[in-house]
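Before any comments, here is the structure.
Excluded from the calculations below are hydrogen atoms, water molecules and symmetry mates; all remaining heavy atoms, backbone and side chain alike, are included.
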Amino acid sequence: PYPIHSFTTNNAGFRAARSLEETSMSGEIRVFVTGGSAAWGAGVRQEDLYTRIAEKELRKEFPDRPNIRVVCAGVGAYCSVQERILTETVITRYNPDIVISFSGWNDSYFGYTGLDIRDGQDYMGYGRKLAWLSGGQVDDLEKVIDPPQYRDYRVKLHFLLAKSLHRVRFSKSDLAQGVELRKLEHKQVLETLLDNIHSLTDLSRRKGFSMVFMLQPSLYLTCKPLSEWEKLQVAENSAAFTGFPEYNREVYRLFRETFPQDSYEKGYTFADLDLAFSGVEQPLFADHVHFGDRGNRLIGEYMAQIISPLISRRLSR
């Protein structure tokens, strides 16, 4: 049974209640979804997670195949490099039929901060903490670009004070200058993501699974009409992350121009998950990166539609 509160992880470390053996059961279809905290389902109960929704939809569509499993393999702060490594080293051990990269947003954010994810990824700032403990210097530009994060503080009042001091110390022009000095070229973000998806597609041919890239919806370039809550999120995050909305929009334009044709040429499936939100006036974004229960439901239903033909083809072999 699935818990109704919070979350649980299984023996493989994925966000699921049921254990996962390396050898799949006869007739079982296994779908794994990688990505960052949005793919992990931050803020959503286990029973409302998009993978649970997708699994239910697929079982209704294939009633004679009750052993369809959609496994949430997202990890907070992961980008396409970590997804590729996770798939290569862990997921392939569990005999996947389909692997979905639910991604793109984190790659865009790291490009904005100037982090080339091909060289490494230290989102939690352990390197800076170790440098400080050993008497080293912390890059002032990093302190300018990254405002205080709530997860860093146990006391909310401390967090609010730090946010206020950050805004006093660093003007919008300071932030804009810091971003301009550090950010990567938009095309570099695209090329890195393409490299990782291509590597996963090559792996899928060798290991016999279907590869799917699903672009994570972005609040800054979405087809849905923004609710009052979502407009507030745009305004607040535009102030906190100077220049990020513009940077994210340009990167996403490149993604949407490139991936449909590239997926056709390279032989993987591409889907823009933002289409699941088309025309919905109610709020779907919990903040500028994560989704609430309603957003998870729509993503899960749309995901099931996209991978249903892939399952049909596998079953017909």
Assess, by modelled atom type and distance only, whether the side chains of [X] and [Y] contain a donor and an acceptor separated by less than 3.5 Å.
X    : Y    : value
Y268 : D262 : yes
D287 : H290 : yes
N11  : S19  : no
E22  : N95  : no
N248 : H288 : no
R52  : Q46  : no
E301 : Q305 : no

**Message:** Y247 vs F241, test: ring pair (Phe, Tyr, Trp, His ring centres under 6.0 Å). Steps then yes/no.
**Reply:** CA-CA 10 Å; Y247 186 88; F241 300 92; over 10 Å; no

Taking the side chain as every heavy atom from C-beta outward, state whether [X] and [Y] have any atom pair closer than 4.5 Å.
X    : Y    : value
V251 : L190 : no
F209 : I98  : no
L219 : L226 : yes
T87  : T34  : yes
V33  : V71  : no
V289 : Y109 : no
T192 : N196 : yes
M214 : M303 : yes

Going only through I, L, V, M, F, W and Y residues with side-chain contacts under 4.5 Å, is there a path from [X] to [Y]?
X    : Y    : answer
L184 : V81  : yes
I29  : I100 : yes
M211 : I85  : yes
L200 : Y264 : no
V212 : I53  : no

Under 4.0 Å between a side-chain nitrogen and a carboxylate oxygen: does that hold for [X] and [Y]?
X    : Y    : result
R297 : D48  : no
E28  : R69  : yes
D97  : R30  : no
E281 : K224 : no
R253 : E257 : no
E185 : K187 : no

Using a 3.5 Å distance criterion without hydrogens, assess whether the side chain of [X] forms a donor-acceptor pair with backbone atoms of [Y].
X    : Y    : result
R314 : L310 : no
S37  : W40  : no
N237 : Q233 : yes
R59  : N67  : no
S199 : D195 : yes
S278 : L275 : no
E61  : S308 : no
T113 : F110 : yes
D274 : T222 : no
N296 : L49  : no

Counting the benzene-type ring for Trp, do [X] and [Y] have ring centres under 6.0 Å apart?
X    : Y    : result
F291 : F277 : yes
F32  : F14  : yes
Y78  : W105 : no

Can you name the nearest heavy-atom pair linking [X] to [Y], along with the distance?
X    : Y    : answer
S238 : P245 : OG-CG, 3.3 Å
E55  : I68  : CG-O, 3.4 Å
P283 : W229 : CB-CD1, 4.3 Å

**Request:** Kindly indicate, with the supporting measurements, whether the criterion side chain to side chain contact (heavy atoms under 4.5 Å, CB included) is fulfilled by L215 and L273.
**Result:** CA-CA 6 Å; L215 181 61; L273 286 175; over 6 Å; no

**Request:** Decide yes or no on side chain to side chain contact (heavy atoms under 4.5 Å, CB included) for I197 and S101, but give the supporting numbers first.
**Result:** CA-CA 8 Å; I197 298 301; S101 171; 4.0 Å; yes

**Request:** For the pair F102 and Y50, name the ring-plane relationship: parallel under 30°, tilted 30 to 60°, perpendicular over 60°.
**Result:** perpendicular

**Chi angles and distances behind the side chain to side chain contact (heavy atoms under 4.5 Å, CB included) call for V234, K231** = CA-CA 5 Å; V234 170; K231 290 177 183 177; 5.7 Å; no

**Request:** Check each of E83, Q82, Q216 against S103 using the side-chain contact (heavy atoms from CB on, under 4.5 Å) test, and report the only one that passes.
**Result:** E83

